[in-house]
Trainee: 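Would you mind keeping the following structure in view while I ask a few things?
Hydrogens, waters and symmetry mates play no part in the numbers below; they use all other heavy atoms, side chains included.
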Amino acid sequence: MSTLHATELLGGEAYDAQGNFVGRVTELFIEPSDQPNRIARYLLGRGKYLPLVARHEQVSFVAPGVIKLNVAERDLDHFAPNEGWLAVRKDLLDQQIIDTKGRKVVRVNDIDLAEQPTNGTVELRVTDVDVGLTGAARRLLQGLASPSFIRHIQKQLPARVIRWEFVNLIESDPLRRVKLRITHNRLENMHPADLADIMEDLSATERQSIIASLDEQTAAETLAELDSRLTSQIVEKMAPEQAADILEEMEPDKAADVLAGLSPEVSQDVFDELRSEEAREMANLLRFDENSAGGMMTTDFVLVGESASRGEVVDWIRKKEGESGILDNVYLIDGDAKLSGAVEVARLLVAPEEQAVSEIKSEPLVWVPADANEKDVFELFDKYNLRSLAVVDGNGRPVGVVTVDDVVTRLRAQL
């Protein structure tokens with residue numbers, strides 16, 4: 001099974017079953033709804049005449065610069081545009097794609113095709129996308145040198161290709177995405193931080209397209225990793241109900257930060273679409289100065305009575321099924337609902353079933369008032385090597401927790 005390249009066929013001559021010249025190959029089409037990697041049709045240009053289309057089963061021979069058909073010219077169809085077809089030259093060559101295995105954005109220089117002879121016909125299957133110097137050299141020398149000379153040159157260059165199954169196409173038109181059956185399942189399996197890095201290399205339209213096609217949880221996790229300026233740009237262009245659905249999947253502090261970065265009109269529209277519980281949480285967070293402990297904290301943390309046993313606490317966490325928030329520490333309150341301690345989860349797991357959690361709490365108890373400035377927060381994390389820090393109101397009651405990732409994010413922003 002030999003390998004051809006799209007650029008070796010584009011511009012090539014096409015001959016019918018009688019050996020008559022039909023036209024030149026001006027485009028190659030994939031039909032994803034049928035076979036996601038097969039060249040389904042060949043567009044044959046004929047100068048001032050209407051172009052013709054040869055179907056894959058009408059092709060008997062392919063080689064660099066030439067294709068031969070097993071039918072007469074009169075058996076070919078006239079070309080009619082179809083948005084369900086993926087055009088190699090128009091939609092792939094020189095376009096940006098996402099390499100989901102390498103976790104980066106790359107530009108397509110060429111497409112590698114494998115021949116599959118079948119019952120007197122030759123099918124071409126897309127195997128790889130060339131994003132390296134070999135494809136660039138073919139494009140540069142096309143029409144200036146013979147195919148054999150170009151192939152000799154490319155052997156001296158390092159190959160850089162991506163398997164077709166690891167390619168994620170970027171299509172901004174949602175209707176055409178459906179027609180082309182472009183899915184983003186592979187993106188949803190990536191780490192949100194990697195996906196955010198990829199999105200930063202895309203245009204505003206492309207970023208919007210990617211976020212719009214992700215499930216709400218993945219979109220929320222990715223937006224939380226993006227630069228706040230880009231996050232605001234993306235959310236500003238969303239329908240308020242869609243933005244609200246995504247914000248509800250975020251940690252409360254991250255969602256509040258997003259709301260705070262929107263224009264007042266958009267922020268209010270999105271806020272109005274939030275469920276009442278999430279709206280209350282975000283309203284409470286937004287009343288704090290962004291550079292204070294209250295402005296940094298999340299309200300998603302585990303809070304239990306100090307008289308509870310270790311077994312009762314673990315059972316309660318299990319029943320929450322992953323909705324228990326920050327699990328570096330479990331925070332304790334006394335009979336007056338005031339903060340009375342913190343228990344490291346590691347100690348909780350090894351303690352006896354009936355032991356009261358108040359007996360295994362960490363010392364000293366470290367906390368900050370909600371109006372403490374971020375410098376005080378940073379100093380406490382550094383001094384006590386903390387993973388999370390309780391935030392209390394004026395009555396000593398816990399209202400939230402600052403986590404180490406919040407601290408790292410703030411410090412990186414100041415670099």
Side-chain angles (χ1 to χ4, degrees), residues 32 83-87 90-108 129 131 162 166-251 253-274 278 282 409 413:
E83 286 199 342
W85 297 350
L86 184 67
K90 175 178 173 290
D91 296 324
L92 290 177
L93 295 184
D94 293 325
Q95 301 302 311
Q96 288 195 135
I97 60 170
I98 297 174
D99 172 7
T100 59
K101 189 174 183 180
R103 302 185 296 280
K104 57 190 172 185
V105 177
V106 292
R107 188 171 297 277
V108 178
V129 172
V131 297
I162 303 169
F166 296 130
V167 167
N168 191 95
L169 303 177
I170 304 170
E171 171 56 56
S172 57
D173 183 348
L175 293 178
R176 189 155 191 253
R177 279 204 305 269
V178 173
K179 291 178 180 179
L180 293 177
R181 296 198 175 184
I182 295 175
T183 65
H184 294 287
N185 294 339
R186 297 188 191 92
L187 297 185
E188 291 172 357
N189 292 328
M190 295 178 66
H191 192 284
D194 290 327
L195 186 49
D197 285 343
I198 285 174
M199 289 182 61
E200 289 178 356
D201 293 331
L202 300 176
S203 68
T205 302
E206 291 168 335
R207 284 194 291 268
Q208 212 73 31
S209 168
I210 295 298
I211 283 292
S213 60
L214 298 174
D215 65 71
E216 291 165 0
Q217 182 176 353
T218 305
E221 292 172 347
T222 303
L223 287 176
E225 296 287 346
L226 270 177
D227 176 87
S228 59
R229 177 180 56 85
L230 295 180
T231 299
S232 296
Q233 289 177 1
I234 292 170
V235 177
E236 286 269 357
K237 294 180 180 179
M238 287 181 179
E241 58 272 19
Q242 180 192 13
D245 288 342
I246 291 175
L247 261 59
E248 287 170 355
E249 294 295 327
M250 285 185 173
E251 293 178 13
D253 57 326
K254 298 291 194 302
D257 288 344
V258 173
L259 275 178
L262 303 177
S263 64
E265 298 81 6
V266 174
S267 179
Q268 186 61 55
D269 288 342
V270 175
F271 189 84
D272 290 342
E273 294 292 335
L274 292 170
E278 280 77 7
M282 290 182 207
T409 299

Trainee: Is Ser267 reaching over with its side chain to a backbone N or O of Ser263, donor-acceptor style, under 3.5 angstrom?
Mentor: no
Trainee: Nearest 0.5 Å please: distance from the CG atom of Asp194 over to the CD1 atom of Ile98.
Mentor: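 It is 12.0 Å, given to the nearest 0.5 Å.
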Trainee: Of all heavy-atom pairs between Phe166 and Lys101, which one has the smallest distance, and what is that distance?
Mentor: CE1-CD, 3.6 Å
Trainee: Glu171 pairs by side-chain hydrogen bond (donor to acceptor under 3.5 Å, both in side chains) with which of Arg176, Lys179, Gln95?
Mentor: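 One option only clears the test, and that one is Arg176.
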Trainee: Looking at side-chain heavy atoms only, is the closest gap between Leu195 and Leu214 below 4.5 Å?
Mentor: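 Counting from C-beta outward, Leu195 and Leu214 do come under 4.5 Å.
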Trainee: Taking the side chain as every heavy atom from C-beta outward, state whether Asn185 and Glu188 have any pair of such atoms under 4.5 Å apart.
Mentor: yes
Trainee: Please name the pair of heavy atoms, one in Arg181 and one in Pro32, separated by the smallest distance, quoted to 0.1 Å.
Mentor: CD-O, 4.4 Å
Trainee: Within this structure, what is the CG-OG1 distance for the pair Asn168 and Thr100, rounded to the nearest 0.5 Å?
Mentor: 6.5 Å
Trainee: Would you name the heavy atoms of Met282 and Ala255 that are closest together and state the gap between them?
Mentor: CE-CB, 3.3 Å
Trainee: Any chance you could lay out the side-chain contact (heavy atoms from CB on, under 4.5 Å) test for Arg103 and Asp197, step after step, and finish with the verdict?
Mentor: CA-CA 8 Å; Arg103 302 185 296 280; Asp197 285 343; over 6 Å; no
Trainee: If I take atom CD from residue Gln217 and atom CG from residue Asp245, how far apart are they, to the nearest 0.5 angstrom?
Mentor: 13.5 Å
Trainee: As a quick check of understanding, evaluate side-chain contact (heavy atoms from CB on, under 4.5 Å) for Leu223 and Ile246, giving each step before the final call.
Mentor: CA-CA 9 Å; Leu223 287 176; Ile246 291 175; 3.8 Å; yes
Trainee: Is there a side-chain contact between Ser203 and Gln96, using heavy atoms and a 4.5 Å cut-off?
Mentor: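 Ser203 does not reach Gln96 side chain to side chain.
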Trainee: What is the minimum heavy-atom distance between Ser209 and Arg177, and which atoms define it?
Mentor: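 The answer is OG-NH1, 3.0 Å.
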Trainee: Taking the side chain from Glu206 and the backbone from Ser172, do they hold a donor-acceptor pair closer than 3.5 Å?
Mentor: no
Trainee: Nearest 0.5 angstrom please: Ile182 CD1 to Leu86 CG, how far?
Mentor: 6.5 Å
Trainee: Rounded to the nearest 0.5 Å, what separates atom CZ in Arg207 from atom CD1 in Ile234?
Mentor: 6.0 Å
Trainee: Of all heavy-atom pairs between Met250 and Ala220, which one has the smallest distance, and what is that distance?
Mentor: CE-O, 3.5 Å
Trainee: Between Leu92 and Leu169, is any pair of side-chain heavy atoms under 4.5 Å apart?
Mentor: yes
Trainee: Given Asp227 and Glu200, is the side-chain contact (heavy atoms from CB on, under 4.5 Å) satisfied, shown in steps?
Mentor: CA-CA 8 Å; Asp227 176 87; Glu200 289 178 356; 4.1 Å; yes
Trainee: Closer than 3.5 angstrom, by distance alone: can the side chain of Ser232 be matched with the main-chain N or O of Ser228 as a donor-acceptor pair?
Mentor: yes
Trainee: State, yes or no, whether a side-chain contact exists between Asp99 and Ile97 at a heavy-atom distance under 4.5 Å.
Mentor: no
Trainee: Looking at Ala212 and Gln242, what are the two nearest heavy atoms and their distance?
Mentor: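 It is CA-NE2, 4.0 Å.
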Trainee: To the closest 0.5 Å, what do you measure between CD (Glu249) and CD (Glu278)?
Mentor: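 Taking CD in Glu249 and CD in Glu278, the distance rounds to 9.0 Å.
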Trainee: Begin from the C-alpha positions of Met199 and Ile211 and carry the test side-chain contact (heavy atoms from CB on, under 4.5 Å) through to its verdict.
Mentor: CA-CA 9 Å; Met199 289 182 61; Ile211 283 292; 3.3 Å; yes
Trainee: For a 4.5 angstrom cut-off between non-hydrogen side-chain atoms, does Leu274 reach Leu259?
Mentor: yes
